[in-house]
Amino acid sequence: MNEKTDFVRDIVAEDLSTNRFQGRVHTRFPPEPNGYLHIGHAKSINLNYGIAQENPGGLCNLRFDDTNPEKEEQEYVDSIIEDVKWISGHDQQKVLFASDYFDQMYQWAVDLVKKGKAYVCDLNADQIRETRGTLTEPGKESPYRNRSVEENLDFLARMRKGEFPDGSRTLRAKIDMASPNINLRDPIMYRIVHEPHHRQGDAWCIYPTYDWAHGLEDSIEGVTHSICTLEFENHRPLYDWFLEALGIYHPQQIEFARLNLSYTVLSKRRLLQLVQGKHVSGWDDPRMPTIAGYRRRGYTPEAIRTFCEKIGVSKKDSIIDVALLEWSVREDLNKHAQRAMAVLNPLKVVITNYPENGSEELPSLNNPEDASAGTRLVPFGREIYIEQDDFREVPPPKYHRLSPGKEVRLRAAYIIRCEEVIKDGAGNIVELHCTYDPETRSGGPAANRKVKGTIHWVSARHAIEAEVRLYDRLFLTADASEGGEAGSFLGNVNPDSLTLLKGCKLEPMLLSAMPGMRFQFERVGYFCADIKDSNPGAPVFNRIVTLKDTWAKIELRGGETAARE
RNA sequence: UGCCCCGUCGUCUAAUGGCAAGACAGCAGACUCUGGAUCUGCUUAUCGAGGUUCGAAUCCUUGCGGGGCAGCCA
């Protein structure tokens, strides 16, 4: 079996050993369709589907918690179904909706009224707030608390029929206005909302609150372990109270710490602000920590699942270093991504001793990590492009790349030497003149000659051009949700989170990239043909993540040292 | 301030009364036709104080710190 464990799985194992639920394991993932799913939901999906999968006969329901028509939309339902499918790897054969249980819930509310455990309260929202008490003071009982069962039944039926305006009355549980747990101070079960529901239409004008509805949904579905986040911990006594009062099947609620990620925000409210404030192009902007955003960026579901397993599950509030997520993608893509050569910021190089109109095709490994990936032929010629960064007229110490009079290897090709630097009138470097050593062709007689560096290149004559989008972290600060300069988290937004590059020079093979295909651009990073804007023949690439860049680190550190001195 | 929860390397997670371990990050080195990958090594932690015990990260008390709760949101 799986050695993977955490306190939730410990509880499930314990319940299994005591036969508490007749050997069943049944979890659920209960999103509210009021926004797109983000990576925090991936943690929950992974937990719930994971536990179900690990146990023979285990089940996990996808159930929409659609009890608030004011915030919920069909668009969100559709996106969530797609995202759950993508992350969990399961085709969801059955999608459940809390709103399908509205009749049953209403019946149970009537039962509670009959038992004298619920009452219709005529207080308005302000009055209810005023009589709830505070954190340190008990609340006051509602004057309507002791209405007769008959009167309550009558009012409840009329609430349901639509006789009363929004907010004029509520159905409340009769528990304890003096409870130190505020959730137990006669919580509201139904509120009047004359608003069409995305699935129920106008069938209802009273809607159940989360506290009233959630345990019932779990109970109806036979869920054994209802796993939710820490902020519901104080609600568990209420979850238990309703089920107990009704005398119906009673699942176990378990709370775990929600995911927080450094350099990003992970709340639907803030993500909505980013979308509505046009800080990003939409819910699926590749910089968004949404499932849709990561998918478009080029992350794999495997990488996200690996990440979810590495972060573990506990009750401790924490902020996971986003570097672990980035590591997870690299880990996956290193093994699976097809290699390619792409020059993002081109500098032309003329190989002066190469035949004028000559060209050849050089075999190159598709993936050094995977021999079965084979090789491909990359065209080479007298004029090539290299990365501007790979040449320095005055090389800093430890610079292993090209500089005047120095040699580098062109990956899968020849060793070249820089003979001359051509500049324009303004002194900008526009071209390099180099010579090559024909003996040093990869696999050739002098191929083993050692040079300090190897750089990537693209044949000028064969290169295709493409747009490449470099994405960086969306936020400047590790704790992105804390107020930044503007006093809100929006002040932390990284103005350079997107760099648009046009006219990048890519090896011709990339012309036929299908949308969604991932590549490693050697020495640069992992890239994905955009699923919306890219087409075979006119590719557009998104940077998924950079490669680990030791040189950049050395250089950065050098700069810092210099600045300090 | 009432109630609830949580305090272990920089960051996460483990150790379930018996040698504080792993991952990421960092640092140093080896290797390399990707300054990638890989490999090796190194640095760094039980919030404090009492108590129980042969023995405490773990149990108890208490202090401190962090988080949550006063929507007819979830």
Side-chain angles (χ1 to χ4, degrees), chain A residues 5-7 10 30-32 34 65 67-68 70-71 121 123-125 128-129 132-139 166-172 179-185 187-193 206-207 209-211 213-214 228-237 255 257 262 268-269 310-328 330-331 334-335 339 341 364-365 368-369 398-401 408-413 415 440 442-443 447-456 478 520-525 546-555:
Chain A
T5 190
D6 53 63
F7 83 98
D10 288 348
E32 185 192 10
N34 67 343
D65 213 0
T67 56
N68 183 1
E70 291 175 315
K71 293 186 174 178
C121 181
L123 262 24
N124 64 30
I128 285 184
R129 189 178 336 106
R132 185 156 28 222
T134 67
L135 294 179
T136 50
E137 301 155 328
D166 286 4
S168 60
R169 269 171 243 259
T170 56
L171 182 71
R172 294 228 257 169
S179 172
N181 182 341
I182 292 179
N183 296 126
L184 263 19
R185 318 238 263 229
I188 287 158
M189 297 164 60
Y190 278 100
R191 70 277 208 183
I192 301 172
V193 180
I206 59 172
Y207 290 93
T209 57
Y210 169 88
D211 283 318
H214 206 87
C228 60
T229 44
L230 250 28
E231 68 269 27
F232 295 105
E233 213 156 18
N234 292 338
H235 294 244
R236 179 155 31 95
E255 313 85 14
S262 64
K268 284 191 196 169
R269 198 193 94 239
K310 297 225 98 137
I311 60 178
V313 178
S314 76
K315 298 190 69 154
K316 190 169 119 184
D317 276 301
S318 61
I319 301 180
I320 306 286
D321 191 341
V322 72
L324 183 58
L325 211 211
E326 294 169 349
W327 174 86
S328 303
R330 290 194 190 103
E331 168 83 356
N334 175 48
K335 293 188 190 110
R339 310 289 130 125
M341 289 207 279
S364 190
L365 250 28
E369 303 294 317
K398 292 184 185 167
Y399 190 74
H400 292 171
R401 309 174 186 181
V408 277
R409 167 166 293 282
L410 296 177
R411 170 123 247 232
I415 292 173
T440 57
S442 292
N448 291 333
R449 217 176 92 208
K450 298 288 178 222
V451 282
K452 277 184 294 188
T454 298
I455 63 174
H456 60 281
Q520 184 198 95
F521 290 176
E522 293 211 43
R523 301 206 313 130
V524 180
T546 60
L547 246 28
K548 205 163 89 182
D549 192 344
T550 309
W551 170 246
K553 210 181 286 175
I554 292 170
E555 238 191 349

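The chains referred to below are lettered A, B, ... by the order of the sequence lines, with proteins before strands, and numbering in each begins at 1.
- A donor-acceptor pair under 3.5 Å is absent between the side-chain atoms of A:R409 and the main chain of A:R449, judged by distance alone.
- Annotation: B:A20 and B:A30 have their C1' atoms spaced 30 Å apart (nearest Å).
- Rounding to whole angstrom units, CG of residue A:D321 and P of B:C9 are separated by 15 Å.
- The nearest pair of heavy atoms linking A:S262 to A:V322 is OG-N, 2.8 Å.
- Closest approach of A:D549 to A:A552, counting heavy atoms only: OD1-N, 3.0 Å.
- The heavy-atom pair separating A:D65 from A:E32 by the smallest distance is O-CG, 3.5 Å.
- With a 3.5 Å limit on both pairing distances and Watson-Crick or G-U wobble geometry required, the stems of 3 or more pairs in RNA chain B span B:2-7 with B:64-69, B:10-13 with B:21-24, B:26-30 with B:38-42, B:47-51 with B:59-63.
- Remark: the separation of the C1' atoms in B:G29 and B:C47 is 37 Å, to the nearest Å.
- If you take atom P in B:G63 and the same atom in B:C4, they sit 14 Å apart, rounded to whole Å.
- B:A70 and B:G2 have their C1' atoms separated by 11 Å, with the value rounded to a whole Å.
- Here A:G443 lies in heavy-atom contact (under 4.0 Å) with a base.
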Inset, instruction - Spell out protein contact along nucleotides 34-46 of chain B as letters: B when the base is contacted, S when just the sugar-phosphate is, - when no protein heavy atom is under 4.0 Å; keep the 5' to 3' order. - result: BBBS---------

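- Rounded to whole angstrom, the span from the CD1 atom of A:I320 across to the P atom of B:A25 amounts to 14 Å.
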Inset, instruction - Given side-chain contact (heavy atoms from CB on, under 4.5 Å), test A:W551 with A:R401 step by step and report yes or no. - result: CA-CA 11 Å; A:W551 170 246; A:R401 309 174 186 181; 3.1 Å; yes

Inset, instruction - Any chance you could list the contact pattern along nucleotides 65-74 of chain B? Use B for base contacts, S for sugar-phosphate-only contacts and - for none, protein heavy atoms under 4.0 Å, 5' to 3'. - result: --SBBBSBSB

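- Put simply, the side chain of A:R191 never gets that close to the backbone of A:G167: no donor and acceptor are under 3.5 Å apart.
- Separation of the P atoms belonging to B:U53 and B:U11 is 36 Å when rounded to the nearest angstrom.
- On the P atoms, B:A28 is 25 Å away from B:C12, given to the nearest whole Å.
- At distances below 3.5 Å, not a single donor-acceptor pair connects side-chain atoms of A:T170 with backbone N or O atoms of A:I188.
- Toward the 5′ end of RNA chain B lies the nearest nucleotide of A:W327, the other residue of the pair A:W327 and A:A413 mapping further downstream.
- Taking atom C1' in both B:U43 and B:U61, one finds a spacing of 37 Å when rounded to whole Å.
- Here the CZ atom belonging to A:R339 is positioned 9.0 Å from the CZ atom belonging to A:R411, to the nearest 0.5 angstrom.
- Between the NZ atom of A:K450 and the P atom of B:C31 there is a distance of 10 Å, given to the nearest Å.
- Nucleotides B:G7 and B:U58 are separated by 11 Å at their P atoms, to the nearest Å.
- Between the CD atom of A:E137 and the P atom of B:C3 there is a distance of 14 Å, rounded to whole Å.
- Regarding A:K316, its NZ atom lies at a distance of 12 Å from the C1' atom of B:A14, rounded to whole Å.
- With respect to A:E233 and A:K315, a salt bridge is recorded, a charged nitrogen being found less than 4.0 Å from a carboxylate O.
- The NZ atom of A:K310 sits 8 Å away from the C1' atom of B:C24 (whole-angstrom rounding).
- Side-chain atoms of A:T134 come within 3.5 Å of backbone N or O of A:T136 as a donor-acceptor pair.
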Legend entry - Pair A:W327-A:K310, side-chain contact (heavy atoms from CB on, under 4.5 Å): steps then yes or no: CA-CA 11 Å; A:W327 174 86; A:K310 297 225 98 137; 3.4 Å; yes

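- Base orientation for B:G71: syn, the chi torsion being within 90° of 0.
- Contact check on A:R236 versus A:E255 returns a salt bridge, with a Lys/Arg side-chain nitrogen under 4.0 Å from an Asp/Glu carboxylate oxygen.
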